[in-house]
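Remember, it's a predicted structure, so these values are computed and weren't measured experimentally.
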Amino acid sequence: QVQLVESGGGSETAGGSLRLSCTSTGYPSLTRYFAWFRQAPGKERDGVAAIYHGSTITPYADSVQGRFTISRDNAKNTVYLQMNSLKPEDTSIYYCAAAPPRRIIWPRDALVPDQYNFWGQGTQVTVSS
């Protein structure tokens, strides 16, 4: 099976930065696509950013474009989300997700939660004003 473990969440003041990490264990062949999602209390789970080594297109949610950067280190089986210029509205639980090959129409469905098979447990990010 595949396990995704997130780390790097925490509390930060507005304007600060945090970097989230997601390490994948199990079968690398089952994790071709990676994405970060977030979900605030009482709200739906929204796509933040996604990455796929077969494409140079890395989709971002409009709300984080220019502030967040997704990247991956294949040697470490780790995906990162660098979050800069944090805002209080970024406060949420952040989830890492992965999907196997030939599953996602890229980039059209890259930020659609239902496209992903594997999920981490989530990490809390809190931004104070």
Side-chain angles (χ1 to χ4, degrees):
Q1 255 302 3
V2 172
Q3 284 190 319
L4 304 176
V5 179
E6 301 105 331
S7 61
S11 298
E12 185 57 81
T13 55
S17 298
L18 285 172
R19 188 177 81 156
L20 305 182
S21 300
C22 171
T23 300
S24 170
T25 60
Y27 295 94
S29 61
L30 295 180
T31 52
R32 181 67 58 84
Y33 306 93
F34 284 91
W36 288 96
F37 292 82
R38 65 186 183 186
Q39 188 169 20
K43 295 188 176 181
E44 295 185 349
R45 188 167 296 189
D46 293 327
V48 176
I51 192 166
Y52 161 47
H53 76 274
S55 174
T56 59
I57 300 173
T58 50
Y60 291 92
D62 291 342
S63 58
V64 306
Q65 183 75 45
R67 299 188 298 122
F68 290 11
T69 303
I70 189 171
S71 62
R72 66 188 295 176
D73 184 334
N74 291 329
K76 296 181 179 180
N77 294 322
T78 300
V79 176
Y80 303 97
L81 184 68
Q82 178 66 44
M83 306 186 293
N84 299 329
S85 302
L86 284 164
K87 302 176 180 180
E89 49 264 44
D90 294 320
T91 295
S92 193
I93 299 176
Y94 284 72
Y95 296 91
C96 176
R102 297 185 297 277
R103 176 164 176 91
I104 297 177
I105 299 175
W106 197 270
R108 187 191 77 180
D109 296 340
L111 297 180
V112 177
D114 289 348
Q115 297 296 308
Y116 292 84
N117 300 70
F118 308 108
W119 291 84
Q121 79 287 352
T123 185
Q124 177 71 47
V125 171
T126 302
V127 184
S128 58
S129 57

| query | Under the side-chain contact (heavy atoms from CB on, under 4.5 Å) criterion, do Glu44 and Gln39 qualify, and how do the steps go? | reply | CA-CA 6 Å; Glu44 295 185 349; Gln39 188 169 20; 5.6 Å; no

Using side chain to side chain contact (heavy atoms under 4.5 Å, CB included) as the criterion, list what pairs up with [X], not counting sequence neighbours.
X: Thr23; result: Thr78
X: Pro88; result: Ala14, Val127, Ser129
X: Thr69; result: Tyr60, Gln82
X: Thr31; result: Val2, Ser24, Phe34, Ala98, Phe118

| query | Do any pairs count as a disulfide (SG to SG under 2.5 Å) and have a residue in residues 79-109, sequence neighbours left out, and if so which ones? | reply | Cys22-Cys96

| said: Under the disulfide (SG to SG under 2.5 Å) definition, can you give me all pairs with a residue in residues 53-84, not counting sequence neighbours? | reply: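 Every candidate disulfide (SG to SG under 2.5 Å) pair involving residues 53-84 fails, so no pair, neighbours aside, qualifies.
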
| task | Would you mind listing the cluster partners of Val112? Hydrophobic ones only (ILVMFWY), side-chain contacts under 4.5 Å, chaining allowed. | result |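 Under the 4.5 Å side-chain rule, Val112 groups with nothing.
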
| Going by side-chain heavy atoms closer than 4.5 Å, which hydrophobic residues are tied to Trp119, directly or by a chain of links? |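 Besides Trp119, the hydrophobic cluster comprises Tyr33, Phe37, Tyr52, Ile57, Ile93, Tyr95, Ile104, Trp106, Tyr116, listed by chain and residue number.
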
| request: Kindly work out whether a path of hydrophobic side-chain contacts (I/L/V/M/F/W/Y, heavy atoms less than 4.5 Å apart) joins Val5 to Tyr27. | output: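 No, Val5 does not connect to Tyr27 through the hydrophobic network.
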
| said: Between Leu18 and Tyr80, is there shared hydrophobic-cluster membership here, with clusters defined by ILVMFWY side-chain heavy atoms closer than 4.5 Å? | reply: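 Per the 4.5 Å side-chain linkage, Leu18 and Tyr80 are not co-clustered.
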
| field | Sequence neighbours excluded, every pair satisfying salt bridge (Lys or Arg N to Asp or Glu O under 4.0 Å) that has a member inside residues 63-79 | value | Arg67-Asp90

| message | Suppose the criterion is salt bridge (Lys or Arg N to Asp or Glu O under 4.0 Å): which pairs have a residue in residues 2-21, not counting sequence neighbours? | response | none

| note | Here the pair of heavy atoms bringing Val48 nearest to Val64 is O-CG2, 3.6 Å

| query | Which heavy atom of Pro59 sits nearest a heavy atom of Ala110, and at what distance? | reply | CG-CB, 3.7 Å

If you measure from [atom1] on [X] to [atom2] on [Y], what distance do you get to the nearest 0.5 Å?
X: Asp114; Y: Asp109; atom1: CG; atom2: CG; value: 10.0 Å
X: Ser92; Y: Arg45; atom1: OG; atom2: CZ; value: 9.0 Å
X: Leu81; Y: Ile51; atom1: CG; atom2: CD1; value: 10.5 Å

| field | side-chain contact (heavy atoms from CB on, under 4.5 Å) between Asn84 and Phe68, intermediate numbers included | value | CA-CA 6 Å; Asn84 299 329; Phe68 290 11; 6.0 Å; no

| Side chains of Thr91 and Val125: does their closest heavy-atom pair fall under 4.5 Å? |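 Not touching, per the 4.5 Å side-chain cut-off.
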
| By side chain to side chain donor-acceptor pair (under 3.5 Å) - contacts of Gln124 (at least two apart) |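 In terms of side chain to side chain donor-acceptor pair (under 3.5 Å), with neighbours along the sequence ignored, Gln124 is linked to Thr126.
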
| request: Please list, chain by chain and in numerical order, all residues satisfying side chain to side chain donor-acceptor pair (under 3.5 Å) with Ser63, sequence neighbours excluded. | output: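 Partners of Ser63 by the side chain to side chain donor-acceptor pair (under 3.5 Å) criterion, ordered by chain and then number, come out as Arg38.
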
